[in-house]
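Here's the structure we're looking at; comments come further down.
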Amino acid sequence: MSVTIKDVARMANVSVASVSRALNGHGGVTAETQKRIREVAARLRYVPHSAARSLITRRTQTIGALLPDLHGAFFSELIRGIDLAARKRGLYLLVSSSHGDATEAAVALRAMQGRVDGLLVMSPHADSAFLDDNLPIVLPTVLINSHVRSERHAALDVDDHGGAFAMVEHLIGLGRQRIVFIAGPKVNHDVQERERGYRDALGRAGLADTATILSGDFTEESGYRAGREALAMQPRPDAIFAANDMMAIGCLSALAEAGVRAPEDIAVTGFDDIPMARYVTPALSTVRVRIAELGEAALEVLVRAIEAPDDAPPEPRAVVGTELVVRASCGGNEPIRRRD
């Protein structure tokens, strides 16, 4: 016979409600009691009956996440942050990707309906009309880095504009005058805000006419191609700011292959501060986004939305600050500076 929650409660000498709270991470029991309950549950090999619990609570204990891609260090870190925060609350994570395709994004959103208690959505296709067409009003949803301003959905943004502005301002302060920007996908909200920060910083310094945008798609290969393109420019740029670290790393490879030194000949900087950034040669200067913490914060906002009364308005849009991380690739040696 399978072990039931009543067996755990009897062996731990507590109520069934206490067992439920302890195993679901809802609080209401002391740390000592929770430890005892978990030890008994493990010894008895008790597995909560999720289907029965769902019938009672009308919840699946599952969170959905729609991302534009699953490839690369950024999305790996983001998923890690979401999943760690979800597990602390006894929740599970269902992840899907649109792979840059609006139809795929719509299919993924519809497929998750009825399977999740709430959704985290990070998609360049998630405009107001798209959300209205593919999301039921009653499903709690949090938008991550979205240009949509909605009264229906909570939202969490990275200060992409502020971070890019700070990096370009730093490069100008180091005497760099010909700063090229490697952009990512044009429909991406992050890219648009980072480009806006780049242009605004040049404009403030009286260098607006020098703005030069090279195409990229967030991959190392596109950064490498953009680096080759920059090397062919006359005059050559004295700094390259990539919209993410993967492109900056690809760009560094193109420069090294051509015998061009970074930062002596051309400074190179990125955005995100993925774990690899500090280990390339030269170590990459970048704008730090605490990616795992972004995922954790988004999950917490979603949980509050799920637990809120039906008539409660969504939380106001929140902004996650960035940090300027100065390493060898730009030739500066200033300490990390934070932008909140």
Side-chain angles (χ1 to χ4, degrees), residues 50 54 57-70 74-75 77-160 185 187-190 192-193 289 291-320:
S50 58
S54 295
T57 64
R58 296 184 181 276
R59 292 184 182 177
T60 66
Q61 305 302 314
T62 303
I63 299 299
L66 174 66
L67 304 177
D69 204 339
L70 302 181
F74 179 91
F75 294 112
E77 277 291 286
L78 184 67
I79 293 170
R80 186 174 72 89
I82 296 170
D83 190 54
L84 286 173
R87 291 304 179 91
K88 289 179 182 177
R89 291 180 166 272
L91 303 173
Y92 294 91
L93 183 61
L94 179 62
V95 181
S96 188
S97 168
S98 62
H99 299 291
D101 185 90
T103 301
E104 289 292 329
V107 170
L109 285 182
R110 292 175 180 175
M112 283 194 260
Q113 292 174 27
R115 303 181 181 184
V116 299
D117 298 325
L119 273 172
L120 298 172
V121 176
M122 184 180 193
S123 171
H125 308 295
D127 58 21
S128 296
F130 177 87
L131 294 174
D132 289 343
D133 289 343
N134 295 287
L135 282 178
I137 295 176
V138 296
L139 183 63
T141 302
V142 174
L143 308 178
I144 305 175
N145 274 18
S146 169
H147 64 276
V148 175
R149 300 296 183 264
S150 171
E151 295 182 356
R152 284 177 46 191
H153 309 297
L156 195 66
D157 290 342
V158 172
D159 185 15
D160 291 300
V187 297
N188 189 285
H189 178 68
D190 297 349
Q192 294 167 1
E193 286 297 289
V289 179
I291 304 168
E293 292 181 16
L294 171 65
E296 180 178 1
L299 188 281
E300 293 299 328
V301 172
L302 182 58
V303 168
R304 290 195 293 271
I306 292 170
E307 295 177 348
D310 292 339
D311 57 349
E315 294 188 21
R317 179 175 294 267
V319 177
V320 177

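None of the values given here were measured: they were computed from a predicted structure.
H153 is not listed as a side-chain neighbour of L119, based on a closest heavy-atom distance of 4.5 Å or more. Contact check for L91 versus V303: side-chain heavy atoms found under the 4.5 Å cut-off. Residues L120 and L156 fail the side-chain proximity criterion, which asks for heavy atoms closer than 4.5 Å. Side-chain atoms of L299 and L93, non-hydrogen and from C-beta on, never get closer than 4.5 Å to each other. Looking at L139 and M112, their side chains never come closer than 4.5 Å, going by heavy atoms from C-beta outward. R317 has its side chain within reach of D157: a pair of non-hydrogen atoms, C-beta onward, lies under 4.5 Å apart.
Of the options N145, L78, V158, a side chain to side chain contact (heavy atoms under 4.5 Å, CB included) to V289 is made by V158 and by none of the others.
Rounded to the nearest 0.5 angstrom, I306 CD1 and R89 CZ are separated by 9.5 Å. The structure places CG of L84 at 11.5 Å from CD1 of I79, a figure rounded to the nearest 0.5 Å. Between the CG atom of D160 and the CG atom of D190 there is a distance of 4.5 Å, given to the nearest 0.5 Å. The distance from the CD1 atom of I144 to the CD1 atom of I82 is 5.0 Å, given to the nearest 0.5 Å. Rounded to the nearest 0.5 angstrom, H189 NE2 and M122 CE are separated by 9.5 Å. Atom CG of residue N188 and atom CG of residue D69 lie 11.0 Å apart, to the nearest 0.5 angstrom.
Side-chain N or O atoms of D117 include none that pairs as donor or acceptor with a backbone N or O of I63 at under 3.5 Å. With hydrogens and angles ignored, the 3.5 Å screen pairs a side-chain donor or acceptor of S97 with a backbone N or O of P68.
Contact between G64 and V116 at its shortest, heavy atoms only, is N-CG1, 3.6 Å.
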